[in-house]
Chemist: 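Here it is, the structure, as structure tokens.
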Amino acid sequence: MSTPEHRRSSRVGRRATSLFLVQLPPPRHGATLVADAIRRMLVADGRVAVEHLWGGSARAIADIGRKTPAKLLGFGGLVARLLARRLVGRRADTAYLSFTPWAHTAVRDALVAMLAKGVADRVLVHVHCEGLDAMIDGTSRKDAFLRRAFAGTELVAITGETARIGRASGLFRDVHLLYNHALDPGEPGIAPEGPLRVGWFGRFDPRKGVLAAIDAAAAARAAGHDIRLAIGGSPTVELDAEALEARLRAAGLADVTETRYNPDEDGKAEFLSRLDVFLYPSEHDHAPLALIEGLAHGLVPIVLTQGGIPEMVGPRFATNVIERTLPPQERVQRMAARIAAIAADREGLLADRRAARARYLSSFSEDAFETRLLDIFGAVPHSGPARAATADEAEPTEV
């Protein structure tokens, strides 16, 4: 990361301005955490003056997806302020916003993009999830409206596949590839012996694979392997702590499982630091921060072919990527087989943990993220349709 002295000396002329039209925490989830990290990096760099302007979103995890009068009024206030800025000709160099193509908020995001075009020279649209292809190829009136709203904006993609889709569409003025990141917890301590420590972390959403992880760990233990399981994260209405504990008892894992509910950042880091394997068979995520945090701790990933996850773990761990189209029980058995193979090869485990840590440092570290980010916000925009990919941005076989 560049030093403060370098940052100060690198400023040339007036400071660029960026209008942040995106929610910041609370609540704390992937998109808000990434947006806040981007804001903090820009402020720390000093070359971009950031102004945050937002209203009309959930203020807590439990409020996500609910339509309330307070949200409507908050969004109305945001629209009024943006219209006022356009009326007086107050413009920013960039506007930064996010877009969730499949969510009920997609039309809201599109309206923000349309308004942003009137108050900023460049509009950066960060897509954190899948569904961009469905919007681009869709035939509904809603899809047509979304395409019109986002035409001429610049796509910020978090996977190579999303970047490829964006470029092929010709919809965007430019396309940027910006992999997510996690803070560096430091070099992990890797135990040379002992039971294999397998863990899962996230929101207790069955779509994120928490129950499948329990079943796979149970199958590996039933095959005679010395496995310890750890489950951490935030309970949900779909799966609360009581239901999780009941599932662990039913699987015969209650006595060998550590559970950690709603830890703070230090607690999460401490939880991950005691693992060897990050078992995350999600059928829902696109490029999960939890997986990046696992790699930062040097944890060997076992995952499904979901979203950008295979791209994230890379070819080194291709044998640990299970095809998600398989029947659920077969997926569980294949995950259990990978756990068993790792447990039986302690020397290989140590090498794989070092490789996982190296992958984080090369592609998902704070330094790597900041370098790409500052280039995006400082780049001269390109006119016309999306440009061809550079060598660094070409669709990757590995990140």
Side-chain angles (χ1 to χ4, degrees), residues 18-39 50-88 90-92 94-120 123-132 134-135 138 140-151 153 156 202-208 233-241 261-262 284-286 289:
S18 184
L19 187 60
F20 256 49
L21 304 175
V22 65
Q23 186 175 14
L24 301 176
R28 296 176 63 83
H29 56 72
T32 62
L33 291 174
V34 170
D36 194 42
I38 290 174
R39 180 192 62 82
V50 176
E51 180 183 357
H52 182 232
L53 194 62
W54 188 247
S57 290
R59 303 301 296 172
I61 290 291
D63 195 35
I64 293 176
R66 295 175 56 203
K67 297 179 181 179
T68 66
K71 289 182 181 179
L72 183 61
L73 288 172
F75 184 68
L78 172 65
V79 170
R81 282 176 284 180
L82 290 174
L83 289 174
R85 293 174 73 103
R86 180 167 185 175
L87 185 63
V88 301
R90 184 180 175 190
R91 297 183 66 84
T94 60
Y96 169 79
L97 55 138
S98 63
F99 174 43
T100 305
W102 53 263
H104 73 278
T105 56
V107 172
R108 179 204 67 188
D109 297 338
L111 289 171
V112 173
M114 292 179 72
L115 292 167
K117 293 178 189 179
V119 297
V123 178
L124 303 172
V125 180
H126 208 157
V127 176
H128 295 275
C129 60
E130 298 182 285
L132 185 66
M135 181 272 284
S140 70
R141 291 181 180 177
K142 176 183 175 181
D143 291 324
F145 169 72
L146 295 178
R147 288 193 294 270
R148 185 160 54 252
F150 289 105
T153 64
V156 180
R203 289 185 67 241
F204 292 0
D205 182 337
R207 297 174 299 173
K208 292 179 177 286
S234 53
T236 64
V237 294
E238 295 85 8
L239 185 67
D240 60 18
Y261 303 121
N262 299 310
H284 178 64
D285 292 278
H286 182 52
L289 290 176

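We're numbering straight along the sequence, starting at 1.
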Chemist: Look only at the side chain of Ser140 and the backbone of Asp143, and say whether a donor-acceptor pair between them is shorter than 3.5 Å.
Modeler: yes
Chemist: Would you say Arg203's side chain and Pro235's backbone share a donor-acceptor pair under 3.5 angstrom?
Modeler: no
Chemist: For the backbone of Gly138 and the side chain of Arg147, can you confirm whether one donor and one acceptor N or O come within less than 3.5 Å of each other?
Modeler: yes
Chemist: Quick check for you: to the nearest 0.5 Å, what is the distance between Lys208 atom NZ and Leu239 atom CG?
Modeler: 13.0 Å
Chemist: Tell me whether Thr32 contacts the main-chain N or O of Gln23 through its side chain, where contact means a donor paired with an acceptor under 3.5 Å.
Modeler: no
Chemist: What is the minimum heavy-atom distance between Ala95 and Ala116, and which atoms define it?
Modeler: CB-CB, 3.9 Å
Chemist: In Å and rounded to the nearest 0.5 Å, what is the CE to CG distance from Met114 to Leu146?
Modeler: 10.5 Å
Chemist: Shortest non-hydrogen contact from Pro101 to Ala106?
Modeler: O-CB, 3.7 Å
Chemist: Looking at CG of Leu24 and CG of Leu33, how far apart are the two atoms once the value is rounded to the nearest 0.5 Å?
Modeler: 10.0 Å
Chemist: Apply the side chain to side chain contact (heavy atoms under 4.5 Å, CB included) test between Val123 and each candidate in Leu21, Leu19, Leu115, Thr153; give the one that qualifies.
Modeler: Thr153
Chemist: Determine the minimum heavy-atom distance between Arg85 and Leu53, stating which atoms define it.
Modeler: CD-CD2, 4.2 Å
Chemist: Kindly compute the distance separating NZ (Lys117) from CG (Leu82), expressed to the nearest 0.5 Å.
Modeler: 14.0 Å
Chemist: To the nearest 0.5 angstrom, please state how far the CZ atom of Phe99 sits from the CG atom of Leu124.
Modeler: 15.0 Å
Chemist: For the CZ atom on Arg108, are there more than 12 heavy atoms of other groups (residues, nucleotides or ligands in this structure) within a distance under 6.0 Å?
Modeler: yes
Chemist: Take Val50 and Ile38, measure what side-chain contact (heavy atoms from CB on, under 4.5 Å) needs, and give me the verdict at the end.
Modeler: CA-CA 10 Å; Val50 176; Ile38 290 174; over 6 Å; no
Chemist: Would you confirm whether Arg81, through its side chain, and Gly77, through its main-chain N or O, come within 3.5 Å as a donor-acceptor pair?
Modeler: yes
Chemist: If you define the side chain from C-beta out and look only at heavy atoms, does anything of Val125 sit under 4.5 Å from Asp109?
Modeler: no
Chemist: Let's go through Phe145 and Leu111 carefully: what are the C-alpha distance in whole Å and the side-chain angles of both, what is the deciding distance for side-chain contact (heavy atoms from CB on, under 4.5 Å) to 0.1 Å, and is it a yes or a no?
Modeler: CA-CA 10 Å; Phe145 169 72; Leu111 289 171; 3.8 Å; yes
Chemist: Locate the shortest heavy-atom distance separating Arg91 from Gly118; write the atom from each residue and the value.
Modeler: NH1-O, 3.0 Å
Chemist: Answer yes or no: is there a side-chain heavy-atom contact under 4.5 Å between Val34 and Leu289?
Modeler: yes
Chemist: Rounded to the nearest 0.5 Å, what's the gap from CG on Asn262 to CZ on Phe204? Could you check?
Modeler: 8.0 Å
Chemist: In the structure I gave you, are the side-chain heavy atoms of Tyr96 and Val22 within less than 4.5 Å of one another anywhere?
Modeler: yes
Chemist: How would you list, by chain and number, every residue that makes a side-chain contact (heavy atoms from CB on, under 4.5 Å) with Arg207, sequence neighbours excluded?
Modeler: Asp205, His284
Chemist: Name all residues meeting the ring-ring contact (aromatic ring centres under 6.0 Å, His included) criterion together with Phe75; count only those two or more places apart in sequence or in a different chain, and write none if there are none.
Modeler: none
